[in-house]
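Working notes for the structure below.
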Amino acid sequence: MLLVNTIRDNFETVLEGLQKRNFTHAEATLHQVLELDKTRKETQTERDNLQAESNNISKEIGALMREGKKEEAEKIKSRTVEIKSQIKILEDNYNNVEEDLKQILYTIPNVPHISVPAGKSAEDNEIVLEHGSIPDLPESKLPHWDLIKKYDIIDFDLGVKIAGAGFPVYKGRGARLQRGLINFFLDEAMKAGYTEIQPPILVNEDSGYGTGQLPDKEGQMYEATADKLFLIPTAEVPITNLYRDVILNEQDFPIKNVAYTPCFRREAGSWGAHVRGLNRLHQFDKVEIVQVVHPDNSYEVLEDMNMYVQSLLQKLELPYRVLRLCGGDMGFTSSLTYDMEVYSAAQERWLEVSSVSNFENYQSNRLKLRYKGEDKKTILAHTLNGSALALPRIVASILENNQTEHGIKMPKVLVPYLGFDMI
RNA sequence: AGAGAGGUGUCCGAGUGGUUGAAGGAGCACGCCUGGAAAGCGUGUAUACCCGUGAGGGUGUCGAGGGUUCGAAUCCCUUCCUCUCUGCCA
């Protein structure tokens with residue numbers, strides 16, 4: 001969440017940013033935050049002063065008791081009665097104000113970076129670049145949901161039988177393609193200096209709050225209610241939460257983690273061709289990169305991560321484009337997001353396979369993820385993450401783009417991981 | 001899942017109602033000593049929030065939340081976690 005200080009010191013900038021996101025009632029909400037914060041401070045001062053008075057009386061009583069002057073002690077006791085009831089009132093006020101303030105702050109999204117274009121929906125996203133050429137396939141080309149049946153590599157019906165819609169069963173070369181891609185992505189990340197992590201894929205409530213899935217979006221996560229645990233929608237949740245309540249040293253930067261996990265999403269979403277086949281699933285595999293960095297260079301790091309994800313797509317020989325998301329399409333917690341989309345030549349659509357974001361200190365404020373600066377002050381770190389990459393749509397694109405009469409050609413770079421070059 | 005033990009500062013560890021934010025030790029930082037280092041000696045060493053231009057002061061924090069009390073690390077209740085033994089199990 002945003003810092004109250006940021007709102008106060010950069011009111012206009014924050015306001016303009018929120019308006020770029022189409023955050024309604026931005027100005028009124030920001031004023032409300034400042035007003036509540038002012039009340040909070042005043043209440044605290046008043047409460048603390050009374051508490052101090054009460055503490056002093058207690059000390060006096062303690063001193064008198066030690067000297068055996070019981071009667072005098074009894075006399076001043078009566079003075080505390082009124083103070084105590086006042087403190088109780090102020091204490092309640094304080095808690096209420098603080099809670100109200102927190103609730104409002106939870107509803108305010110991150111302030112977009114200056115370079116984020118205004119806009120309402122995906123149509124207003126800015127295309128930064130396109131790379132690779134779109135394959136020219138014959139009319140007989142098949143979408144991946146037909147290809148997977150033809151070659152018997154992914155079975156949705158079996159998934160329905162044992163779990164439900166959106167839980168595919170990968171078989172034979174389909175399963176090996178999954179495993180090969182995961183290993184390829186992890187190896188590449190390792191070469192790029194990321195440390196591999198295997199986190200739990202169920203997380204507790206605190207973790208959900210830390211990265212912003214809670215409150216609000218609990219409907220998107222599967223929940224193991226008996227144990228109050230949530231199945232992760234992305235590895236971002238466990239990995240970023242590794243650093244919850246952590247104070248780092250400046251020398252620890254940059255922290256670069258990579259994790260492969262299955263991801264679980266309930267999202268009801270829309271129906272029809274756009275969610276057919278592998279386009280949208282309840283369970284899918286993803287390799288995620290997360291960095292925790294010094295605030296001064298988080299945007300350089302974002303560009304690095306952007307280039308890194310592109311390098312993966314290039315190695316897989318997939319045509320892709322990079323979008324800079326507009327204010328209206330950007331995630332709640334992000335300051336700047338690049339989406340990478342691959343072209344899927346039979347669906348004739350661009351499919352999002354990665355989203356790389358800088359959250360600046362929006363997440364770390366909730367997480368209390370800080371570092372000690374030179375003057376020993378604790379300062380919030382910046383967090384970033386990106387998919388590198390999400391598997392299903394990559395698979396869809398590989399299958400569709402590389403289909404031939406004789407089978408589906410695998411990208412060269414994967415062959416050592418697969419042990420075959422055609423499906 | 002059952003029985004027991006326990007959660008205190010960076011770490012170890014004392015503390016069962018009254019200058020305890022917390023003894024003692026270790027570690028760390030600085031200074032003295034030394035040719036240099038070790039040892040030794042001295043000083044300092046939590047955090048959040050609030051008040052104050054500043055020096056400085058206040059409040060809260062001994063797993064978390066509540067309660068008793070003029071006063072709680074210390075007593076009571078609830079809850080979370082860890083460890084040991086037993087059971088179960090990949």
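Throughout, a chain's letter reflects where its sequence line sits, starting with A, and its residues are numbered from 1.
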Exercise. Just checking, is any N or O donor in the side chain of A:Asn257 or A:Tyr243 under 3.5 Å from an acceptor N or O on the other one?
Worked result: yes
Exercise. Is there a Watson-Crick or G-U wobble partner for B:rA73 with both distances under 3.5 Å, and if so, which one is it?
Worked result: none
Exercise. From the list B:rG60, B:rG18, B:rG58, which nucleotide is the closest neighbour of the side chain of A:Gln44?
Worked result: B:rG58
Exercise. Which one is paired to B:rU20, where only Watson-Crick or G-U wobble pairs with both distances under 3.5 angstrom count?
Worked result: none
Problem set entry | Distance, C1' atom - from B:rG15 to B:rC75, rounded to whole angstrom | 15 Å
Exercise. For the rings on A:Tyr371 and A:His294, is their centre-to-centre separation under 6.0 Å?
Worked result: yes
Exercise. Quick one: are the ring centres of A:His113 and A:Tyr299 less than 6.0 Å apart?
Worked result: yes
Exercise. Can you find a heavy atom in the side chain of A:Glu341 that is under 4.5 Å from one in the side chain of A:Leu351?
Worked result: no
Exercise. How far, in whole Å, is B:rG17 from B:rC12 if one measures between their P atoms?
Worked result: 26 Å
Problem set entry | Phosphate contact (B:rA48 OP1 or OP2) by A:Thr378 side-chain N/O below 4.0 Å | yes
For this session: Determine the interatomic distance between C1' on B:rG9 and the same-named atom on B:rG57; round to the nearest Å.
Result: 23 Å
Exercise. If we take the C1' atom in both B:rG44 and B:rC51, what is their distance in whole Å?
Worked result: 26 Å
Problem set entry | Identity of whatever pairs with B:rC41 - Watson-Crick or G-U, under 3.5 angstrom | B:rG31
For this session: Take atom P in B:rU61 and the same atom in B:rG2, then report the distance between them in whole Å.
Result: 33 Å
Exercise. The side chain of A:Ser58 lies closest to which of these nucleotides: B:rC50, B:rG71, B:rA48?
Worked result: B:rG71
Exercise. Looking at A:Asn55, does any N or O in its side chain come under 4.0 Å of the phosphate oxygens OP1/OP2 on B:rU59?
Worked result: yes
Exercise. Looking at A:Arg47 and A:Glu91, does any basic side-chain N land under 4.0 Å from a carboxylate oxygen?
Worked result: yes
For this session: Could you please name the option among B:rC49, B:rU47, B:rC70 that lies closest to any side-chain atom of A:Lys372?
Result: B:rU47
Exercise. Can you tell me how far P in B:rC77 sits from the matching atom in B:rG4, rounded to whole Å?
Worked result: 15 Å
Exercise. Taking the P atom of each, how far is B:rG65 from B:rA72, in whole Å?
Worked result: 15 Å
